[in-house]
Amino acid sequence: MLRKYNFNPGPATLPLPALEKIRDNIIDFNQAGMSILETSHRSTEYGTVHARTKELMTKLFHIPDNFQILFLGGGATLQFCMVPMNFLGPDKSADYIITGSWAKKAYKDAKLYGPVKVAGSTEADKFTRIPKQSELTLAPDARYVHLTSNNTIAGTQWQTFPDTGKVPIFADMSSDIMSRKVDFSKFGLIYAGAQKNLGPAGVTIVIIRNDILESAVQGLPAYLSYKTHAPEDSLYNTPPVFAIFVVMTVLEWLEGLGGLAEMEKLNKKKADLLYNTMDADPEFYRGTNEKASRSLMNVTMRLPSEDLEKAFISEAGKVGLHGLKGHRSVGGIRASIYNAFPYEGIEKLVEFMAQFRKNH
Ligand code: PMP
């Protein structure tokens with residue numbers, strides 16, 4: 001098989017050694033004589049996978065003791081409503097910082113459950129930057145401050161998280177979870193669909209602080225309440241067994257690479273190579289965002305015309321560089337270069353960029 005360099009924004013590329021291990025376990029899971037796909041979520045064999053995934057995530061992401069990890073369904077999109085359902089009410093408000101389309105969607109759902117406020121927005125600048133602290137209006141009595149740590153479509157990322165005082169940050173980290181270290185003391189809840197940095201679509205990771213979990217409202221339908229899942233260790237109903245197995249395998253690969261410190265260095269090296277190439281030729285490869293707000297995960301750019309962008313995407317495809325089309329809502333070029341995207345793929349892309357520039 002000729003493996004492409006896959007720049008898809010999610011589901012996204014996975015490490016080949018992980019895929020090979022997964023392939024073997026699809027036939028015979030740990031020499032148990034059955035597939036991981038056929039294994040009961042109540043079995044001892046699966047129990048080991050479940051526990052090891054949490055253990056690896058805790059160790060590699062340096063998750064403190066007072067947090068729990070939940071494995072849920074419904075994607076990050078279900079969290080857009082589950083978060084406000086569990087923590088808002090007529091007299092409990094939250095602040096939302098709007099830095100892109102996903103943040104807007106989260107805000108729209110939250111409005112159904114409580115008096116939420118926009119604490120800051122860069123929509124007037126077409127989401128080309130992350131707001132400064134001085135632009136935020138934060139309520140000291142808010143239940144939480146919601147933000148999107150990395151804006152997958154716009155290609156921006158919070159480099160330092162805002163100071164929210166005593167109010168915990170609730171973050172949608174779908175597109176940069178475990179790509180860098182984070183200071184958990186600022187956070188009350190983190191959620192992410194696995195399909196970009198951690199595994200396949202189908203499992204959503206929620207990392208929640210114990211005291212926050214305890215303060216969740218009562219009386220919600222069972223699945224929609226964090227208080228249902230936490231005491232049952234995410235086994236209240238059938239968890240996405242296979243997706244969790246894949247996450248475990250990807251985390252083993254990450255551990256082998258040297259953990260998050262090494263990952264963070266490599267992510268920076270990859271993004272630097274690409275941004276430096278763009279910045280050397282800004283007339284042709286124009287970055288869409290303010291430099292200080294640029295994402296290390298989703299690199300976005302425009303070419304001088306839409307025709308050139310079409311040609312770029314199509315010619316790149318012919319040399320094995322796949323998935324470079326910008327999101328349908330913004331157009332342009334987007335290279336999604338999550339944890340598992342290899343450095344050699346960026347080298348190949350910048351080589352292609354130089355050649356394309358010469359030809360056009
Ligand atoms: N938030 C962000 C930042 C995303 O990038 C995405 C998906 N691209 C979502 C939320 C929605 O995630 P899901 O499709 O898992 O519901």
Side-chain angles (χ1 to χ4, degrees), residues 6-14 69-85 96-110 121-123 126-131 144-159 161 169-180 182 187 189-207 223-224 234 239-240 242-244 246-247 250 267 288-289 293-300 323-332 334-341:
N6 176 0
F7 293 92
N8 278 341
T13 198
L14 290 170
I69 302 169
L70 306 178
F71 301 125
L72 303 181
T77 301
L78 183 62
Q79 297 308 306
F80 292 167
C81 68
M82 231 173 121
V83 164
M85 265 182 194
Y96 275 67
I97 307 179
I98 313 294
T99 51
S101 332
W102 299 110
K104 263 176 93 170
K105 286 189 175 158
Y107 172 66
K108 192 168 167 225
D109 270 8
S121 170
T122 51
E123 188 162 19
K126 297 205 168 83
F127 299 130
T128 54
R129 61 184 190 88
I130 296 293
Y144 60 84
V145 176
H146 183 280
L147 58 78
T148 314
S149 56
N150 182 77
N151 300 284
T152 325
I153 297 174
T156 61
Q157 187 176 27
W158 288 84
Q159 302 308 334
F161 291 104
I169 297 176
F170 284 18
D172 173 1
M173 287 198 187
S174 289
S175 51
D176 67 351
I177 190 165
M178 296 189 77
S179 66
R180 57 178 174 175
V182 301
F187 295 91
L189 187 152
I190 289 170
Y191 63 88
Q195 67 268 26
K196 299 166 197 303
N197 267 323
L198 296 178
V203 60
T204 311
I205 314 298
V206 176
I207 306 171
Y223 196 86
L224 300 175
S234 307
F242 179 62
I244 295 167
V246 176
V247 172
V250 171
N267 283 332
T288 59
N289 300 321
S293 302
R294 283 172 163 179
S295 166
L296 299 194
M297 301 278 102
N298 309 97
V299 177
T300 50
L324 285 161
K325 194 168 189 289
H327 190 267
R328 60 190 185 279
S329 63
V330 293
R334 170 176 57 175
S336 297
I337 51 171
Y338 304 117
N339 282 2
F341 192 92

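Both counts, for ligands and for their atoms, begin at 1 and track the order of listing. Both backbone and side-chain heavy atoms feed into the values below; hydrogens, waters and symmetry mates do not.
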Present, as a list of atom pairs with distances to 0.1 Å, all nitrogen or oxygen contacts under 3.5 Å between ligand 1 and the protein.
| residue | atom | partner | partner atom | Å |
| --- | --- | --- | --- | --- |
| ligand 1 | 1 (N) | D172 | OD2 | 2.6 |
| ligand 1 | 5 (O) | W102 | NE1 | 3.4 |
| ligand 1 | 5 (O) | T152 | OG1 | 2.5 |
| ligand 1 | 8 (N) | K196 | NZ | 2.9 |
| ligand 1 | 15 (O) | A76 | N | 3.1 |
| ligand 1 | 15 (O) | Q195 | NE2 | 3.0 |
| ligand 1 | 16 (O) | A76 | N | 3.2 |
| ligand 1 | 16 (O) | T77 | N | 2.9 |
| ligand 1 | 16 (O) | T77 | OG1 | 2.5 |

- prompt: Do the rings of F80 and H146 sit parallel, tilted or perpendicular, given the 30° and 60° boundaries?
  reply: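 F80 and H146: perpendicular rings.
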message: Tell me if a side-chain donor or acceptor on N197 pairs with a main-chain N or O of S179 at a distance below 3.5 Å.
response: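 Side chain of N197 to backbone of S179, a donor-acceptor pair under 3.5 Å: no, none is there.
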- prompt: Judged by modelled atom types alone, do Y338 and N267 share a side-chain donor-acceptor pair under 3.5 Å?
  reply: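 Side-chain D/A pair, Y338 to N267: absent.
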- request: Sequence neighbours left out, what passes salt bridge (Lys or Arg N to Asp or Glu O under 4.0 Å) with K325? Give chain and number order.
  value: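 In terms of salt bridge (Lys or Arg N to Asp or Glu O under 4.0 Å), with neighbours along the sequence ignored, K325 is linked to no residue.
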- request: Could I get the full list of side-chain hydrogen bond (donor to acceptor under 3.5 Å, both in side chains) partners for Q79, not counting sequence neighbours?
  value: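 Testing Q79 for side-chain hydrogen bond (donor to acceptor under 3.5 Å, both in side chains), a comparison that skips the adjacent residues, returns Y226.
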Residues forming a side-chain hydrogen bond (donor to acceptor under 3.5 Å, both in side chains) with S175, sequence neighbours excluded: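 Partners of S175 under the side-chain hydrogen bond (donor to acceptor under 3.5 Å, both in side chains) test: N150, T152.
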